[in-house]
There are 2 protein chains.
Amino acid sequence: MISSIAELISDRIGTMPAGERRAAQTLIANYPLTGLKTVAEFSAAAGVSSPTILRFVARLGFQNYPEFQSALQDELAAQLQSPASRTLNPSSAGSAVSPMLEATLDNMRETFRHLTDKQLADIAARLAERRGKTFLIGGRFTDPLARYMAAHLAIIQPDVYHLAGQESIWRDRLIDMGKRDVLVIFDIRRYQDSLVRFAEKAHQRGVQIILFTDQWLSPIARFARHVIAGRTAVPSAWDSSAALFVVAETLIAAVTRQLEAAGAKRIRDLESLR
Amino acid sequence: MISSIAELISDRIGTMPAGERRAAQTLIANYPLTGLKTVAEFSAAAGVSSPTILRFVARLGFQNYPEFQSALQDELAAQLQSPASRTLNPSSAGSAVSPMLEATLDNMRETFRHLTDKQLADIAARLAERRGKTFLIGGRFTDPLARYMAAHLAIIQPDVYHLAGQESIWRDRLIDMGKRDVLVIFDIRRYQDSLVRFAEKAHQRGVQIILFTDQWLSPIARFARHVIAGRTAVPSAWDSSAALFVVAETLIAAVTRQLEAAGAKRIRDLESLR
DNA sequence: GGGGCGCTGTATCTTATGTTACGTATTTTG
DNA sequence: CAAAATACGTAACATAAGATACAGCGCCCC
C-alpha cells in the first residue's frame, strides 16, 4: 500500500530515465517544498528542462502539474494537522483511551500554536473593558461552553448574560444590543443556521462578535471581530470541544487578572450576600 | 521582533478592514496552507474577492503574491527541517498563555494516569446498558459539563435527563429514581451542600452514582459507585475543569462506540425527524 | 442629514505558467 | 556496427494566474 507521494516516487525511481531520476532526487531531497514551486523553478533546481519535470509527474500518474501540486498540498495539510503521526508515541500502544487523550492533547497544542498571545490579550481586554454588556450563546453541543464562560464572567463583572432557550427568545434580546456590547458565540460543525442569522443581525446592530469555532470556520466568521479556531478532530463519532474549552478557560483567567482590582471587590461583595 | 508571517498577521489584524481581516483569519485557521494555493482559491476559502486577497498581502508588506508565497514556503521549509520546533515550541517561552496551557496539559496527563482503561470501560458499560434512566447534574461551575454530556448521551440513547434549575426541582425528581438508574454528578471545590444532600438521598434510593470531582474528592465520593478524580490546579484565580471535560468526552466516545449498532439507528431516526 | 473618505467587488488586461510539437542527441538492440 | 527507439531540450502556443482600473456602496465625521 502506497500512501504518500514520497513512497510512490521511491517505488518507481528505479524505472525512470536519468533526467526524471534527477527530478525525483531533487524533490525527495527537500520534500515536498520543491514540488510546490513552479515547473520552471523545479526544473532549475533539478538541472533539467521543464518538459522533463512534466514527464516526471505524468509518470507518477498525475494528469497535469496542478493536480500533482494539489496532492502534495493535501499530504502536507494532513501532516501539519496531526502532529501525532510524527511523534509516534509507542508507549501508548494498545490502550483504548490513549488515542482519545493523545488526539485531544494534540488538538490543544495545535490550537494554541495558531493563537498568539496578542490575540488572546486583545480579546481578554475587550471582554474586560466594561463599556457595554456581554452576551454569550452557543450551539447544540457548544452551548454548555457558553454557559461555563458566562458563569465565571458574571461573577467578576456585571452585565454578563447567557442567551438560552428558543431562538425567538434571544432574537428579542437583540433590541438591547448595540455598538458597545460584545457577543461571544460558540459554533462548530454542523453550523446552525439560527446562530448565523442571529450573528448577522447582531452584527448589523454594531455588536462586536467574538467567535469560537472549528478550523473550518463557521460562516459567522464573516461577521466576527475576533475568531478563535480550535481543532476538533478526535477518534470518536463526535467532534471534540475540549480545545475550545481550554481557550475559554484561558480567557477567563486573563480577564480575571485584568479585572483583579475591581473583580476582587466584587467577589467580596458577592460573598457577603450569601 | 516579528519572525513569522503568522505573527506579522496577528500583529496587524487589528488595523485591517473587515474583508482583509477575514482573509487573515482564514489563513491563520489553517496556516499556512491556504496561502500556498492560488489567489482564486484563497479568496473563495475566505469568501472575499481576489483583489481583497492581493490588498491583504500588500498590507503585509509584500510586493506581489508570488513573493508572499515564497516567504511562506521558506518558513515552511525551516519548520519542516527542524521537527523539534513543533514539539518544543520555543517561541512560547516566556509567553503569558503558555503556563495555562502547560498546566492544563499536565493536568490531563496526570488525570488519565490515575485512571485505568478498565475503570473507564466499566463506567462506559454502565452508561451504555439501558436498564434504567440516566440523570446528570453539576455544581455552580460544572453544570455546563453535565449539560454537555447529557446533550450527547441523549442523542444515542433514550431516558437521559439533565437536572437543571432550583434544588427543589431536582429533589422532586428523586421519586422517579431507583436501583436501575444512574446519576452522574459533577462536583468540585467548593463542594455544594445541595449536591451532597441530593446525592445522599439518591444513594438511599439505590441509584448508582458516577462522580466527577477534583483530586481532593467531594464528600459525595462516599456514596459513589464510580469516582473520577481530575486535576484542577492551574495558574488562574479559578480551578480548571478541562481535565474532567476531556474525561467526559472520552466516556461519551466510549459509550457511543458500545451503542454503535443501536445508536446509529437512533441517530438516523433523529435525522429523519428534522 | 449631507459630504467625503475608504473599502469592496466586477470586469479587463497583462504576465508568466504549464503544455505541446518537433528536432536532435543518446542509448539500446539486432 | 547500423538502425531503431527512446530520452531530452528548444521554442512556440494556449491557458490560467495575478494585477489593475473603475464604479458602487457603506461608513464615519462634520
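Protein chains get the first letters and strands the later ones, always in sequence-line order, with residue 1 at the start of each. All values below were derived from every heavy atom in this structure, side-chain atoms included, with hydrogens, water molecules and symmetry-related copies excluded.
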**Prompt:** When all nucleic acid strands are considered with a 4.0 Å heavy-atom cut-off, which category describes Pro17(A): base, sugar-phosphate, or nothing?
**Reply:** sugar-phosphate
**Asked** Cut-off 3.5 Å, side chains only: do Arg140(A) and Gln192(A) have a donor facing an acceptor?
**Response** no
**Asked** Over how many whole Å does the gap from Tyr65(A) atom OH to dG18(C) atom P extend?
**Response** 6 Å
**Item:** Between C1' of dA7(D) and CE of Met16(A), the distance in whole Å
**Value:** 14 Å
**Item:** Selected nucleotide, minimal atom distance to Arg59(A) side chain, candidates dT19(C), dG18(D), dA7(D)
**Value:** dA7(D)
**Prompt:** Over how many whole Å does the gap from Arg21(B) atom CZ to dG6(C) atom P extend?
**Reply:** 17 Å
**Request:** State whether Thr38(A) places a side-chain N or O below 4.0 Å from either non-bridging phosphate oxygen (OP1 or OP2) of dA16(C).
**Result:** no
**5'-most by nearest nucleotide on DNA chain C - Glu20(B) or Glu41(A)** = Glu20(B)
**Message:** Does Ser49(A) reach a base, just sugar-phosphate, or nothing at all? Heavy atoms under 4.0 Å.
**Reply:** base
**Message:** Just the rounded figure in Å: distance from P of dT19(C) to CZ of Phe56(A).
**Reply:** 14 Å
**Given dA11(C), dT10(D), dA19(D), the nucleotide with the shortest approach to the side chain of Pro51(B)** = dA11(C)
**Prompt:** To the nearest angstrom, how far is Lys37(B) atom NZ from dG18(D) atom C1'?
**Reply:** 17 Å
**Message:** Please report whether the ring centroid of Phe141(A) lies less than 6.0 Å from that of Trp238(A).
**Reply:** yes
**Complete:** note: Phe42(A), atom CZ; dA16(C), atom P; distance rounded to Å ~ 22 Å
**Request:** State plainly whether the residues Glu7(B) and Lys118(A) are in salt-bridge range, i.e. N to O under 4.0 Å.
**Result:** no
**Item:** Contact under 4.0 Å: Ser50(A) side-chain N or O vs dT17(C) OP1/OP2
**Value:** no
**Request:** Examine Phe245(B) together with Tyr148(B) and report whether their ring centres are nearer than 6.0 Å.
**Result:** yes
**Under-4.0 Å salt bridge between Glu110(A) and Arg113(A)** = yes
**Asked** Between the base of dG6(C) and the side chain of Arg55(B), is there a donor-acceptor distance below 3.5 Å?
**Response** no
